[in-house]
Amino acid sequence: MTEKNKFTPMMQHYLQIKKENPDAIIFYRLGDFYEMFFDDAKTASLELDLVLTGRNAGIEEKVPMCGVPHHAANSYIQRLIQKGYKVAIVEQVEDPALAKGLVQREVIRIVTPGTIMDENSDEKNTNYIASLYDFQYGICVVLCEMTTGEMKAQLIDKSVIALQKVLLLNNVKEIVVEHYFDKRLRNMIEEMQTITISAMNQDQVKEEYEHLLIHVNDQKVRHTFGLLMNYLDETQKRSMTHLQPIEMIYEQEFLQMDYATKKNLELTSSLHGNGKQMTLWNFMDHCMSAMGSRLLKKWIEYPLIQPEQIKKRQTAVKYLNDDFMIRDELKEHLRYVYDLERLGARVAYGSASPRDILRLIKTLEHAPVIFDIFKDCPSYPEYKTIDTCMALHDLIDGAIVEEPPLTIKDGGVFVDGYNERLDELRKVSRDGKSWILELEAKERERTGVKSLKIGYNRVFGYYIEVRKGNLAAIKPEFGYVRKQTLANAERYITEELKEKEDTILHAQEEKIRLEAELFTDLLNQIKVYLPKLHDLANALATIDVFYSLAQLASEHGYICPQFHKGHQIEIIEGKHPILESMMKKKRYVSNDLKMDEQQTISIITGPNMGGKSTFMRQNALLVIMAQIGSFVPAKSALLPVFDQIFTRIGASDDILSGKSTFMVEMMEANHALQHATENSLILFDEIGRGTSTYDGMALAQAMIEYIDEYLHAKTLFSTHYHELTQLGEESPTIHNLHVEVHEEQEEVTFLYRMIEGKADKSYGINVARLAKLPEIVLERAKQILEGLELQGDAGIYQPQMMVVEKEDPQMKEIADLIDMIDVNSMTPLDALNFLCELKNKRKK
């Protein structure tokens with residue numbers, strides 16, 4: 001007899017399921033708990049802080065076990081998924097009352113990092129699963145967002161950078177690949193440690209999913225789509241009717257930005273990853289619905305490059321910005337728009353709750369009013385004829401009670417009058433409960449026992465309970481049959497009570513079963529409308545984004561930017577949108593950016609903390625806002641349409657891949673130099689600072705010359721190498737800008753204003769003085785600087801050590817205290833206290 005055969009039948013069944021799903025943690029339903037055994041239990045107890053116990057399973061030693069309540073399982077599953085695990089959910093698939101022997105259980109779904117549905121608690125964020133197909137000279141990527149049904153595909157270069165970009169930008173949590181997928185790329189994905197890799201070799205597309213490929217002819221996309229759908233079928237174990245047809249993404253149709261640029265500019269995620277810093281998306285998001293917020297995020301990540309499409313969006317924003325009454329009325333109704341995209345997915349999955357149906361009804365109720373308010377918008381006439389699904393509204397309106405239970409299992413979901421048989425069963429159930437109360441009163445009178453009560457439990461059904469002190473009052477002629485003895489009472493049943501119990505319990509069971517059937521039928525009726533609901537959701541989300549952009553423009557007094565076909569930039573009094581709103585007490589200093597048709601490069605000089613980086617970021621954000629159709633923080637803005645933005649801002653080592661700051665800097669600079677066109681925008685912040693002065697200066701100058709000679713891209717180039725400003729005096733296409741600084745007796749004040757020309761000196765020592773460095777260090781630095789300036793032209797500077805006397809920090813502190821006081825305003829007592837304080841400090 002093998003070890004496995006010694007286990008109980010239940011444990012043998014568990015082991016068989018584990019054998020079929022070796023890479024998943026098995027959540028095995030037993031009663032009101034999901035239990036885990038063996039290594040799964042050990043893993044889950046560590047990851048979820050659960051108590052590890054043991055269970056008798058037919059062998060001598062107890063097997064490790066831990067469990068979670070089924071009603072709280074989602075939060076536990078979510079925590080495991082976030083750590084990269086898969087969870088196979090095993091449920092009873094037959095009625096225990098009808099089961100002979102072991103109740104039949106099956107895996108009803110495998111939850112993976114890319115397929116979370118109800119477990120996804122973040123309404124505004126998206127979570128993609130992707131399938132990858134390596135076709136030798138490129139990679140095909142098919143992406144699916146399970147909670148909304150969105151599907152898209154794109155063909156990318158076969159390179160680590162291109163693949164990293166598409167995975168990181170789309171927040172991909174899981175990829176599906178064939179077993180023989182490129183090992184080098186697979187290793188790169190494994191090193192990222194945020195993506196689960198799953199395998200699938202079957203690429204045959206089932207007939208029921210053919211309609212999702214309606215606009216796709218490319219066999220590579222078809223093959224990749226097949227891999228993904230077969231994996232989803234294998235894990236989800238149901239038909240996914242909520243999935244939308246694949247949309248092909250061609251990056252050249254949008255303003256392109258690499259991952260580093262989007263990260264550096266903090267468009268949709270914070271640079272420091274702690275989520276506390278404001279991103280452009282957070283700042284601009286005034287949307288009333290979660291699907292509006294998600295659409296705004298997509299717009300920010302993929303700004304437009306077609307002037308007519310930008311103009312179309314601008315017109316819609318202007319329509320709402322110009323009329324605050326329309327905007328306010330729209331807000332009142334958008335408040336009731338629920339997340340139709342994710343609701344549709346839950347309906348398709350059969351996991352929608354009664355409360356979801358009420359939210360759908362409420363959304364459909366307000367949708368026609370929203371489109372009626374928006375009907376006069378000149379740029380979106382198509383919204384006048386959109387199907388607002390009123391037929392569905394009329395079908396489901398009034399079906400659900402006003403305050404339904406959380407799940408269908410509890411019953412009491414449908415209103416009286418919805419179904420004749422349900423009404424009958426409810427009447428039997430209600431009458432039965434009344435009959436029980438009447439019987440209790442009758443038995444109290446018959447026996448004379450005032451404390452007699454009729455109760456119910458699942459094991460014995462209904463029973464009559466009499467305390468031990470009153471047992472003498474129970475006579476044989478009453479027909480009481482003893483059922484259970486407790487410490488202080490006896491429980492009885494009677495023939496009459498047993499008969500009525502059968503009627504009541506059968507009615508109760510049939511009522512709950514019938515409600516579940518009716519609810520499934522209701523979901524099936526809604527499923528028919530899913531394609532129309534998707535179109536409606538898209539239109540409502542778009543209007544919601546226009547409301548958000550108009551609200552933003554109105555709140556901050558933004559203007560509508562103008563676009564032209566040339567290369568001139570003229571931003572007058574531009575502001576950094578986020579910083580301006582954060583500096584409420586302090587007036588934000590606006591800045592112009594003017595670059596005529598011929599000018600390619602602005603070299604920006606000035607001290608650290610003077611606002612160079614802010615100025616560069618500000619102009620990139622204004623371009624992005626303008627090209628999504630938003631108004632911008634400026635007095636006026638005349639812009640070309642940019643095709644790409646490249647940034648090299650901020651210094652951070654790529655520790656995970658072992659690259660230094662300088663290496664990262666050079667790689668990002670190379671990406672810009674290789675791909676930029678005359679229609680691109682390049683932002684280089686202090687290029688070359690990661691190496692020696694002469695190396696850095698040489699590289700910086702070579703890059704400026706290359707951009708100016710070959711690329712002609714509009715470029716903002718900040719630098720501490722003041723020697724580079726000479727280029728601006730030699731070339732008509734290179735201009736100098738510098739940060740205005742007010743200096744008085746070695747104290748500097750930053751004015752945060754950009755003005756024409758080059759900075760006449762560096763202010764490093766002044767900034768160090770602001771940081772309160774010891775005075776002796778500052779004085780010595782000043783001497784060295786003077787020496788450098790004198791010898792700089794004569795040849796290489798030879799540093800000479802000089803012994804300096806360290807000042808006593810305690811004496812400096814005492815001197816500073818004395819300098820601070822005003823002797824004339826002190827009372828004699830104040831003066832004595834102060835003297836006492838100085839003596840105490842001296843003693844210390």
Can you find a pair of side-chain heavy atoms, one from [X] and one from [Y], that are under 4.5 Å apart?
X	Y	answer
Tyr231	Ile129	yes
Met240	Asp233	yes
Lys86	Thr235	no
Glu251	Val166	no
Met257	Ile624	yes
Leu406	Arg355	yes

Could I get the full list of side chain to side chain contact (heavy atoms under 4.5 Å, CB included) partners for Tyr76, not counting sequence neighbours? Leu48, Leu50, Val68, Pro69, Ala72, Arg79
So does [X] pair up with [Y], basic N to acidic O under 4.0 Å?
X	Y	value
Lys532	Asp535	no
Glu515	Lys409	no
Glu145	Arg342	yes

Answer with yes or no whether the side chains of [Y] and [X] bring together a donor and an acceptor at under 3.5 Å.
X	Y	result
Gln164	Tyr259	no
Lys206	Asn230	no
Glu20	Gln16	yes

I need the single residue from Glu91, His13, Glu35, Lys18 that forms a side-chain hydrogen bond (donor to acceptor under 3.5 Å, both in side chains) with Tyr28. Which is it?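 Of the listed residues Glu91, His13, Glu35, Lys18, the side-chain hydrogen bond (donor to acceptor under 3.5 Å, both in side chains) partner of Tyr28 is His13.
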Which is it for Tyr302 and Glu253 under the side chain to side chain donor-acceptor pair (under 3.5 Å) test, yes or no, and what are the steps along the way? CA-CA 9 Å; Tyr302 293 97; Glu253 292 180 1; over 6 Å; no
Parallel, tilted or perpendicular, judged at 30° and 60°: which one describes the rings of Tyr34 and Phe27?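 Tilted.
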For Tyr133 and His223, take the angle between the two ring planes, folded into 0 to 90°, and tell me which bin it lands in: parallel under 30, tilted 30 to 60, perpendicular over 60.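 Rings of Tyr133 and His223: tilted, 30 to 60°.
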Out of Asp544, Asp339, Asp285, which one pairs with Arg294 under the salt bridge (Lys or Arg N to Asp or Glu O under 4.0 Å) rule? Asp339
Run the numbers on Arg222 and Glu210 for salt bridge (charged side-chain N to carboxylate O under 4.0 Å, His left out), then give the verdict. CA-CA 10 Å; Arg222 187 180 181 84; Glu210 281 286 351; 2.5 Å; yes
Against Arg109, only a single residue in Thr112, Val111, Val107 fulfils side chain to side chain contact (heavy atoms under 4.5 Å, CB included); can you say which?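 Among Thr112, Val111, Val107, the one that satisfies the side chain to side chain contact (heavy atoms under 4.5 Å, CB included) with Arg109 is Val111.
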Please say which of Leu533, Val528, Ile361 ends up in a side chain to side chain contact (heavy atoms under 4.5 Å, CB included) with Leu392.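 When Leu533, Val528, Ile361 are each tested with Leu392, the side chain to side chain contact (heavy atoms under 4.5 Å, CB included) holds only for Leu533.
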Proximity of Phe135 and Tyr137 rings by center, below 6.0 Å: yes
